[in-house]
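FYI, the numbering just counts along the sequence from 1.
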Amino acid sequence: MGELMTATHNFGTAPTRGTSATDTFKAALYLSSATYNAATTAYSATGEVSGTGYTAGGVTVTAATPPTATNASSTAGVAFFTPSASITYTTVTLTTAFNAVLIYNSTQSNKAVAVYTFGDQTITAGTFTLTMPANTTSTALIRLATT
């Protein structure tokens, strides 16, 4: 969380840390037996799924929508971001139960951005898709607000 506040992660086109390039974000899947949570600080292959069609480190997250900040009186002080496309793992076979995805910044030493959990899943020769929520102040994947 602190790295979001210090511009470690550049989700859009208006960085504050002195580079004009948007960072590359990836999404790795983790086994149900792995321990990934708010204390996770970086990507690790420990506990990551493995199987046919899955590449270690996961897939690249499409982040074409830059972060948004609001000034409207009802939502003042809220900044939010959602990837512009669903996160999709195609033609994979993952037979050991998995239930978490780590979104991390591969440009910045694989630093963790967020961990999201869901119910246990397995998949055989199929597509696994994490559908992104609407990019709004109340539903965006990442939301920061002042109180």
Side-chain angles (χ1 to χ4, degrees), residues 1-17 19 21-70 75 77-147:
M1 176 65 138
E3 291 172 348
L4 293 173
M5 303 302 288
T6 60
T8 298
H9 306 296
N10 182 9
F11 294 97
T13 56
T16 59
R17 66 170 195 256
T19 178
T22 301
D23 290 342
T24 299
F25 295 90
K26 298 193 89 177
L29 296 172
Y30 287 90
L31 300 171
S32 300
S33 60
T35 304
Y36 285 82
N37 52 41
T40 301
T41 59
Y43 163 78
S44 171
T46 302
E48 186 175 9
V49 301
S50 64
T52 304
Y54 182 86
T55 302
V59 297
T60 300
V61 175
T62 304
T65 304
T68 304
T70 62
T75 58
V78 177
F80 54 97
F81 168 78
T82 295
S84 55
S86 294
I87 299 172
T88 304
Y89 304 83
T90 56
T91 318
V92 294
T93 296
L94 305 170
T95 56
T96 304
F98 61 96
N99 69 356
V101 63
L102 168 69
I103 297 178
Y104 68 97
N105 187 336
S106 65
T107 305
Q108 298 296 319
S109 304
N110 294 331
K111 292 184 178 187
V113 174
V115 175
Y116 299 94
T117 58
F118 42 84
D120 284 358
Q121 304 289 315
T122 59
I123 188 164
T124 302
T127 298
F128 180 71
T129 302
L130 294 167
T131 303
M132 295 297 100
N135 194 35
T136 69
T137 58
S138 60
T139 61
L141 196 63
I142 297 173
R143 296 182 304 269
L144 302 173
T146 59
T147 55

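Between Phe128 and Tyr54, the ring center distance fails the sub-6.0 Å criterion.
Taken from CD1 in Ile123 to OG1 in Thr129, the straight-line distance is 8.0 Å, to the nearest 0.5 Å. One distance of note links OG1 of Thr24 with CD of Gln108; it measures 10.0 Å at 0.5 Å rounding. In this structure, the separation between CD on Glu48 and CG on Leu31 is 8.5 Å, given to the nearest 0.5 Å.
Taking both residues in full, the closest heavy atoms of Leu102 and Ala112 are given as CD1-CB, 3.7 Å, listed atom of the first, atom of the second, then distance. The two residues Val61 and Lys26 have their closest heavy-atom pair at CG2-C, 3.7 Å.
With hydrogens and angles ignored, the 3.5 Å screen pairs no side-chain donor or acceptor of Tyr30 with any backbone N or O of Thr117.
Checked against side chain to side chain donor-acceptor pair (under 3.5 Å), Thr136 has the following partners two or more places apart in sequence or in another chain: Thr139. Remark: Ser50 engages no residue in a side chain to side chain donor-acceptor pair (under 3.5 Å) (not counting sequence neighbours).
Shown are Val59, Thr62, Thr60; of these, the side-chain contact (heavy atoms from CB on, under 4.5 Å) with Ile87 is made only by Val59. Here the rule is side-chain contact (heavy atoms from CB on, under 4.5 Å) with Tyr43, and of Asn105, Val113, Asn110 only Asn110 fits it.
The shortest distance between side-chain heavy atoms of Phe98 and Phe118 falls below 4.5 Å.
The side-chain hydrogen bond (donor to acceptor under 3.5 Å, both in side chains) pairs that include a residue from residues 89-103 are Asn99-Asp120, where partners are two or more places apart or lie in different chains.
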